[in-house]
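Data block below; observations after.
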Amino acid sequence: MKTAKPLPPSETVAPPPPSPVQARRTQAERSSAMRERLMAAAIESLSQDGYAGSTLSSIVRRAGVSRGAQVHHYPNKQALMFDVVDDLLRRVYGELGRTMLSIADEDDRLDALVSMLWKGIYSTPIFSAYLELQVTAQRDPALSKALGVMWQRTRALFDPAIEHYFAPRAGVEPQVLKTSFYQLTHLMTGLVARGQDVDPGALVEQLALWKRQARTLMRARKVQAAPPRPPQWGQGEDA
């Protein structure tokens, strides 16, 4: 029986390279991913099934997580919904900063702001979920109280941001400028609530009217940085 001749050194087959070892996620990363899955499932459930139909059990099934994981992060439905609203608040704050800093010409910033708010926030499933919470809060005292606290936080966060990006014109009180911005949010909320009944042409006209009025009250500041992040969000959050 013939024995196989060893291959010359130049023909020796090299062993395959070791498989890359995937770094294990930290506990904080796993916890954040779990909360994001639960919030995404809650948003989808609110948009499709309403508040009453969005039980913790149904949200857990949508998220594909264990009930124990849900209890660990959100002991009750209200805590989860509060986090959904807080997530919307952070998104709006981050989008505001990115939009304002991306527009070099101050005259275009108001147009860009209105477009960003409508397309990037108010036309999204997460805002539909928030609107469902607002409607339910009219019959749910606990939820109404929670949303009231969130509205106070919103004012405390966005009042300085408005002053950072915009300045009142001569003779206009700073509070009038802020009121004008919140008037815009109420206008957009009402348009979303009307749903399919909103005529696209009427939508354009109403937003254009608000911009014409706003230009008589404010002007965009020349800024090169976003306002400071709220300290409770940490340094890793968008601002």
Side-chain angles (χ1 to χ4, degrees), residues 31-96 117-118 120-162 178-179 181-198 229-234 237-239:
S31 180
S32 177
M34 184 64 68
R35 287 196 301 270
E36 288 178 2
R37 289 176 65 177
L38 285 166
M39 282 195 296
I43 291 168
E44 183 179 331
S45 182
L46 283 169
S47 299
Q48 296 182 5
D49 304 327
Y51 185 81
S54 299
T55 64
L56 279 176
S57 297
S58 67
I59 292 171
V60 166
R61 286 195 299 271
R62 282 178 183 269
V65 303
S66 68
R67 185 61 186 269
Q70 168 258 303
V71 172
H72 175 71
H73 292 288
Y74 300 108
N76 53 56
K77 180 177 173 179
Q78 183 178 334
L80 174 56
M81 297 306 170
F82 192 86
D83 225 13
V84 168
V85 177
D86 190 62
D87 183 62
L88 174 63
L89 180 63
R90 297 183 189 216
R91 292 189 189 199
V92 174
Y93 192 76
E95 287 296 327
L96 174 64
L117 286 174
W118 181 254
I121 303 297
Y122 284 81
S123 298
T124 63
I126 189 171
F127 189 80
S128 296
Y130 170 68
L131 192 60
E132 177 66 22
L133 292 179
Q134 283 191 313
V135 173
T136 304
Q138 299 176 23
R139 304 181 299 275
D140 187 323
L143 182 59
S144 177
K145 183 178 180 180
L147 291 182
V149 171
M150 178 59 68
W151 176 244
Q152 293 175 0
R153 289 181 58 194
T154 300
R155 291 296 299 260
L157 176 65
F158 281 92
D159 278 1
I162 292 170
K178 297 171 187 176
T179 300
F181 270 102
Y182 294 119
Q183 181 186 48
L184 174 63
T185 66
H186 297 324
L187 169 61
M188 289 188 172
T189 298
L191 292 171
V192 173
R194 289 184 59 186
Q196 299 298 325
D197 294 336
V198 177
R229 294 182 179 90
Q232 67 271 24
W233 285 1
E237 301 289 354
D238 287 339

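Values in this document were obtained by computation on a predicted structure and should not be read as measured data.
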What distance separates T154 OG1 from D86 CG, expressed to the nearest 0.5 Å? 9.0 Å
Let me see the working for S57 and R61 under side-chain hydrogen bond (donor to acceptor under 3.5 Å, both in side chains), right down to the final yes or no. CA-CA 6 Å; S57 297; R61 286 195 299 271; 5.0 Å; no
For V84 and A42, which heavy atoms make the closest approach, and how far apart are they? CG2-CB, 4.0 Å
Distance check, rounded to the nearest 0.5 Å: K178 atom NZ versus I162 atom CD1? 7.5 Å
Considering all heavy atoms of both residues, which atom of S58 and which atom of S45 are nearest to each other, and what is their separation? OG-OG, 4.1 Å
Side-chain donor or acceptor of S123 paired with backbone N/O of W118 under 3.5 Å: yes
What residues form a side chain to side chain donor-acceptor pair (under 3.5 Å) with Q134, not counting sequence neighbours? Y130
How many angstroms lie between OG in S128 and CD in Q48, if you round to the nearest 0.5 Å? 11.0 Å
When you look at R153 and M150, which way does the side chain to side chain contact (heavy atoms under 4.5 Å, CB included) test go after all the steps? CA-CA 5 Å; R153 289 181 58 194; M150 178 59 68; 3.8 Å; yes
Once side chain to side chain contact (heavy atoms under 4.5 Å, CB included) is applied, do any residues pair with P160, and if so which ones, sequence neighbours excluded? none
Is the shortest distance from a Lys or Arg side-chain nitrogen in K77 or D140 to a carboxylate oxygen in the other one below 4.0 Å? no
With a 3.5 Å distance limit and no angle check, can you tell me whether E132 reaches the backbone of Y51 through a side-chain donor-acceptor pair? yes
Return the CG to CD1 distance between D87 and I126, rounded to the nearest 0.5 Å. 4.5 Å
To check you understand the geometry: which heavy-atom pair defines the closest contact between L117 and V92, and what is its length? CD2-CG1, 4.3 Å
Please round to the nearest 0.5 Å and tell me the distance separating atom NZ of K145 and atom CG of L147. 13.0 Å
Could you tell me whether the side chain of R62 reaches within less than 4.5 Å of the side chain of D49, counting heavy atoms only? yes
Just by distance, with hydrogens left out, do Q70 and R67 show a side-chain donor and acceptor under 3.5 Å apart? yes
Might you work through the side chain to side chain contact (heavy atoms under 4.5 Å, CB included) test for V60 and Y74, ending with a clear yes or no? CA-CA 11 Å; V60 166; Y74 300 108; over 6 Å; no
Minimum-distance pair of heavy atoms, taken over all atoms of S54 and I59: O-CD1, 4.0 Å
With under 30° as parallel and over 60° as perpendicular, where do the rings of W151 and Y182 fit, or are they tilted in between? perpendicular
Under the criterion side chain to side chain contact (heavy atoms under 4.5 Å, CB included), I'd like the reasoning laid out for H73 against R37: C-alpha separation, chi angles, the key distance, then a yes or no. CA-CA 11 Å; H73 292 288; R37 289 176 65 177; over 6 Å; no
Pair L46, M81 - check side chain to side chain contact (heavy atoms under 4.5 Å, CB included), show working. CA-CA 10 Å; L46 283 169; M81 297 306 170; 3.6 Å; yes
Just say parallel, tilted or perpendicular for the rings of F158 and Y93, cut-offs at 30° and 60°. perpendicular
Output for pair (Y122 OH, L187 CG), nearest 0.5 Å, gives 9.0 Å
So which atom in R35 and which in D83 form the shortest heavy-atom distance, rounded to 0.1 Å? CD-OD2, 4.2 Å
